[in-house]
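Here is how names work: the chains are called A, B, and so on, in the same order as the sequence lines, proteins then strands, and each is numbered from 1.
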Amino acid sequence: MSVDLSKLNPPQREAASHTGGPLLVLAGAGSGKTRVIIYRIAHLLSIGIPPRAICAVTFTNKAAEEMRERIAQLLKDKAVARELTIGTFHALGLQILRTERQALGYPGGFAIYDQSDQMGALREAMRGVHNMSRDGERRFDAKALMTRISLAKNAFVAPDSYIPKNEADDYDAMTVEVYPKYQEMLRACAAFDFDDLIVEPVRLFERNADVGRKWAERFHYVMVDEFQDTNQAQLRMVQALVKNHGNLCVVGDDDQSIYSWRGADPTNILRFAEMFAGAKIVKLEQNYRSTKTVLAAANAVIANNTKRHGKTLWTQSGDGEIITHAVASTAEIEAQWVAREIRKVQKEGRRWSDFAILYRSNMQSKLLEEELRAAEVPYVMYGGQQFFERKEVKDLIAYLRVALNPRDELGLRRVLNYPARGIGATTVERLVTTAHAKHQTLWDALAVAENITGPAKNGILGFVHAVTRLRDSLDNGHDVVEAARALIEDIALYDDLRAAAGSMAAAQRRIDNVEGLLGALKRHSEKGKGRDALAQYLRQLSLDTTDEKETGGEKVVLTTLHGAKGLEFPVCFMIGLEEELLPHARTLQPQVSDVVDADHATDISEERRLCYVGITRAQRKLYLTRACTRVSRGRSVPRTPSRFLLEIPDELLEVRDLGEEARQVVPTNEVGDFFAKLALED
DNA sequence: AACTTGTCAATTTTT
DNA sequence: TTGACAAGTT
C-alpha cells in the first residue's frame, strides 16, 4: 500500500512523512492540519506500522469521528480505519480505566459523573463544612469552587496537596477543605468525574509499574490534535504513552489557544521543543480559506501578542472584498442592521447557511434573535445548554446505574424521590446520617426500611421494590429494554411526565426522549449482552454529549467566538467590537471568585486570540460591528471601540456610519412596543 | 410540595 | 433589567 503525498504542500508533506521522534506542527487557521494528520496516519500504515499501534487523540467526539471517516475514505478501507485508536482524551482515559479496573480496585466497575452529577457531589461535600450559610458569613458559589477543584485536578494537584496560593483568598481556603471531601464522595460512590478520566490513568501508571509499562508499549505512534488546548494532566498522560520512543506528533496553533480559563496550558505548545528533546518543528502558514484582506487583518491583530511561536498566514487567493466596519448608535440598531444586511446579501445570491454571526458572550444573542425573527431570517444557535430537556433521560439512566451499582449514592438520591413518593429532604437526611454512622451505604439503610415508620415508609418500600426488580431482571439476563419498560411501568414515569408537562406536546417530547434512550439501548444490546455490557454503555453515554447541531439546515449560524473555533463561513459578522465586551470586562477587572494567578492569567492576550479566531473564520467577506451606546442593567452606557479594532490597518476597512440610515427606519418606542407585543402573542 | 419573596450577579464550555 | 437560586409561606 502506498500514499500519494504529492497532494500536500511542502511543509505539509514534511510533517506527514516525519517518523523519527517528536514533531510539532504549528498549523495556522485554515492551513489543512486535519489533512496532515490523515495523510500522516496513511503514511505510517504504508511503511508497515500496524493500525493497532497508532493512536490519535482529539478533544471532541465530532473531531474524532470526522478523522476516522476521512481516513477510511483515503484508505478506501473501513476495516483498517476501525482498528486505529482514534478518540477523545476522555474516551482514551475511560478505555484505560476500564481495561485496568481490576488493578484500580473497582473490579465491579464504576460510574462516570457528568457536570450536573459533579455539582451534586460538590454541594453534598460542601454541606457540613463550617463557615457557610451560618453566622451571616459569606456563602460560596459552588460553581466557582468546582472550577478551582477542576483546575487543581487538571494541574495534577492531589486533594491532600492543594496549597492555597493566597491566604487572603477565601475561595482558595474553602477549596482546601472541600476538594478532599469531594474526592472522598466520588470514591464512596465508586464514581469518576471527567477530570478523573485523565488523572486517574496517569496515577495508576505511576503506582503500578506493570500497567504503566503495558500502556507505554501499546502505541508506537501517538498524535494529538489541538495541542494548544491540552492541560498538565493530559500532557502527563501523553508523556506516559510515548516514554519508550518519543514518537509523538502534536498539531496545534498557539494563536488559537482560547481555553486557558478551563485549565488548558499554552506552555505545552510553547515549550514543546524543550520538553521533547530533538523535536522537529514544522509551520503550516499557507491558508486555503480566506482572502488576502481577511488574513492581513488577522495577522495585524495577532502580531500584538508576545509569547508566541510567530506565524504569518499567506494565501494565493486574491485581495477579495474590503472589511466593513459598521458603527451603530445603539446595540438595537447594530442588531437590526446585521439582520437586514444578511437579508440583502442573501437576495443577491448567498445561501442563509453562508452567514455566521459571532459574539463574545451568549447574552448578546438576545437582541439578534429578535431582529432576525422580525426580518424573517432563519437561524440556528450553537451552544447553549439543554440539560433540563434531557432530565428525564438522565433520570432513567440513574435508575439503571443504581441497579448496577447500589453504592452510587448520588444517583440513588437523584431518583429516590422521583417520581415523588413522599420521601422528603428530612427523611433522606435521616437515612443518610444513620447509614453513615453504621458505616453502611444508603442503599443498605433503605433495604432494611421495615424499621422505618412514618409516611415515607411506603415510598421507600416501593422504590426498593422497583430497583430490586430491575436489578434481578438485569442479572437474570433479561433484555435491557424489557427490564427498563417494566421499571417505567413500576414507577409510572410517563404518567409523571404527562402530569408535570405544561402541554401535551411537551409531554410527548419528553416521552419521545425516553423512548429514544430505549431505542439506543436496544441497538446497543444487540452488540453486547449482560450487565457488564450495559454498564459499559452507560459510561460511554455520559461522554456523548450528542449535541445534534442542525448543520443540514439552510440557516444563519449564531455562535460565540469560542463555539466558532474550527468552523468557517463565506460571510462573517463579528458584533460588539467594544471594550469590555471584547476584551471582556472580566479580563480587565477580575472578580473575587476568579482564579487569577501566573498560571491562569486572565490577560487580554487570550481575548486577542479570540478576536483572531473570529476573524479567521471568514472566507470571503468580514463585517466588524459595534455600537456607541448599549443598555446594560437597565441603563444606557456609552461604549468605546475595541482596542483590537484599532489594531487593524485602516486601508483594510471601510467605515459605515449606521447612525442616520438606521435612525430613519427605527420605529418609535410606542410602535416598537406594539409590534413586540404582537410578536409575543403567537 | 407548590408557591412567593428577596438577594445577588451579570464570560467563554467540552468531556 | 433580567435571571437564577435559596429561604420562607401557604
Given DNA chain B, 5'-ward residue of the pair A/Arg421 and A/Arg262, judged by closest heavy atom =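 Of the two residues, A/Arg421 wins.
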
Could you check A/Thr560 against A/Ala420 and say which one's nearest nucleotide on DNA chain B is further toward the 5' end?
->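 The answer here is A/Ala420.
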
N/O (side chain, [X]) to phosphate O (OP1/OP2, [N]) under 4.0 Å:
X	N	value
A/Asn362	B/dA10	no
A/Thr587	B/dT11	no
A/Asn61	B/dT14	no
A/Arg635	B/dA10	no
A/Arg633	C/dT2	no

Apply the side chain to side chain contact (heavy atoms under 4.5 Å, CB included) test between A/Tyr182 and each candidate in A/Arg123, A/Gln118, A/Arg187; give the one that qualifies.
->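 Per the side chain to side chain contact (heavy atoms under 4.5 Å, CB included) rule, the option paired with A/Tyr182 is A/Gln118, out of A/Arg123, A/Gln118, A/Arg187.
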
Quickly, which of A/Leu582, A/Leu645, A/Thr616 forms a side chain to side chain contact (heavy atoms under 4.5 Å, CB included) with A/Cys611? Name it, please.
->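 Output: one option passes, namely A/Leu582.
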
Go through [options] for me and flag the one nearest to the [X] side chain.
X	options	answer
A/His562	B/dT14, B/dT12, B/dA10	B/dT12
A/Thr60	B/dT12, B/dT15, C/dA6	B/dT15
A/His90	B/dA10, B/dT13, B/dT15	B/dT15
A/Ser361	B/dT13, B/dT11, B/dT15	B/dT11

Can you tell me how far P in B/dT12 sits from the matching atom in C/dC5, rounded to whole Å?
->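 Nearest-Å result for B/dT12 against C/dC5 at atom P: 15 Å.
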
Determine the interatomic distance between C1' on C/dT2 and the same-named atom on B/dT13; round to the nearest Å.
->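 Here C/dT2 and B/dT13 have their C1' atoms 22 Å from each other.
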
How many whole angstroms separate atom [atom1] of [X] from atom [atom2] of [N]?
X	N	atom1	atom2	result
A/Asn417	B/dA1	CG	P	5 Å
A/Asn231	B/dT14	CG	P	16 Å
A/Ile258	B/dT14	CD1	P	11 Å
A/Leu367	C/dT1	CG	C1'	12 Å
A/Glu579	B/dT11	CD	C1'	16 Å
A/Arg630	B/dA10	CZ	C1'	14 Å
A/Glu607	B/dT11	CD	C1'	8 Å
A/Leu561	B/dT13	CG	P	10 Å

Aromatic contact, A/Phe192 with A/Tyr106 (centres under 6.0 Å) |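 A/Phe192 vs A/Tyr106: aromatic centres under 6.0 Å.
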
Near-ring test A/Phe59/A/His90, centroid separation under 6.0 angstrom |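 Not close enough - the centres of the two rings lie 6.0 Å or further apart.
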
Have a look at A/Gly93 and say if it touches a base, only the backbone sugar-phosphate, or nothing, with a 4.0 Å heavy-atom cut-off.
->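 Here A/Gly93 touches no strand at all.
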
Heavy atoms under 4.0 Å, any strand shown: does A/Arg609 hit a base, just sugar-phosphate, or nothing?
->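 Nothing, no nucleic acid heavy atom in range.
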
Is A/Phe59 stacked on the base of B/dT14 when the test is centres under 5.5 angstrom and planes under 30 degrees?
->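 Ring-base stacking flag not set for A/Phe59 and B/dT14.
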
Under 5.5 Å and under 30°: A/His584 stacked on B/dT11 =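 A/His584 vs B/dT11: stacking yes.
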
Measure the acute angle between the ring planes of A/His562 and A/Tyr259, then classify it against the limits of 30° and 60° as parallel, tilted or perpendicular.
->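 Tilted.
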
So, A/Lys153 and A/Asp193, do they make that salt bridge, N to O below 4.0 Å?
->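 Here A/Lys153 pairs with A/Asp193 in a salt bridge, since their nearest N and O are under 4.0 Å apart.
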
